[in-house]
Amino acid sequence: MIAQTANSTANEFPQINPDVCIVNYDTNPGKLGLHQDKDESESILTKGLPFISISIGDTAEFLFGNTRDKDQATKINLKSGDVLILGGESRLLFHGVSHVKTNTAPSWLKEETGIRPGRLNLTFRQY
Ligand SMILES: O=C(O)CCC(=O)C(=O)O
Ligand SMILES: [Fe+2]
């Protein structure tokens with residue numbers, strides 16, 4: 001299942017103690033080709049410990065699947081405030097961003113924070 005409540009998802013994956021937060025700011029097109037995240041240690045990957053991606057600002061079209069073929073990948077929108085957790089059997093899925101959708105950030109966020117056009121993405125990882 002892809003979309004779950006935070007509570008049910010949190011209970012399914014082993015907890016991580018992140019030691020790194022990678023911060024990216026993507027403007028349109030913000031393309032990130034399909035890849036697997038395998039830089040973490042063998043033991044982290046073997047246990048399926050998740051990494052966590054938080055999206056703020058403009059919406060990204062996010063792709064994931066079992067191969068590097070973007071035509072076979074599932075597409076979902078990651079909107080501002082969405083939290084994506086890839087762990088367990090999903091830990092080594094191929095994933096990427098096809099594009100960032102211009103001017104899709106919530107208007108309250110733009111007004112209250114002055115955030116620039118684009119998508120702020122934070123990924124928390126344990127190495
Ligand atoms: O943009 C995202 O939500 C995921 C980013 C990602 O896959 C990565 O940094 O390896
Ligand atoms: Fe990744």
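Start at 1 and go down the list; that is how both ligands and their atoms are numbered. All values reported here derive from a predicted model rather than from experimental measurement.
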Below 4.0 angstrom from a heavy atom of Ser53, which ligand 1 atoms are there? Numbered from 1 as shown, please. 2 (C), 3 (O)

If you measure from the Lys or Arg side-chain nitrogens to the Asp or Glu carboxylate oxygens, is any gap between Asp37 and Arg125 under 4.0 Å? yes

Would a 4.5 Å heavy-atom cut-off, applied to side chains only, mark Ile56 and Arg119 as touching? no

When you compare ligand 1 with Asp37, is there at least one nitrogen or oxygen pair between them that comes in under 3.5 angstrom? yes

Test of understanding: given a 4.0 Å heavy-atom threshold, classify the contact between Asp26 and ligand 1 as side chain, backbone, both, or neither. neither

May I ask whether Arg125 places a heavy atom under 4.0 Å from ligand 1? yes

So for Ile22, does at least one of its heavy atoms come nearer than 4.0 angstrom to any atom of ligand 1? no

When every non-hydrogen atom of Val83 is compared with those of Ile54, the smallest separation belongs to CG2-CG1, 4.2 Å

Would you give the length of the straight line joining atom SG of Cys21 to atom CG of Leu122, rounded to the nearest 0.5 angstrom? 4.5 Å

Angle at the Fe ion (ligand 2) (to 10°), with one arm to OD2 of Asp37 and the other to NE2 of His95: 100°

Determine, considering heavy atoms only, which of His35, His95, Arg119 sits nearest to atom 2 (C) of ligand 1. Arg119

Picking from Thr59, Asn28, Asp58, Asn77, what satisfies side-chain hydrogen bond (donor to acceptor under 3.5 Å, both in side chains) with Lys101? Asn77

Quick note on ligand 1: atoms under 4.0 Å from a heavy atom of Val97 include exactly 1 (O)

Would Thr123 count as being in polar contact with ligand 1, using the rule that some N or O on each side must be under 3.5 angstrom apart? no

Atom nearest to the Fe ion (ligand 2) - His35, N, O or S atoms considered: NE2

Do Val23 and Leu109 share a hydrophobic cluster (ILVMFWY, side-chain heavy atoms under 4.5 Å, transitive)? yes

On the 0 to 90° scale, with breaks at 30° and 60°, tag the Phe51-His95 ring pair as parallel, tilted or perpendicular. tilted

Which atom of Arg91 lies closest to which atom of Leu86, heavy atoms considered: CD-O, 3.2 Å

Quick look: Leu32 vs ligand 1, heavy-atom contacts under 4.0 Å, and the answer is side chain

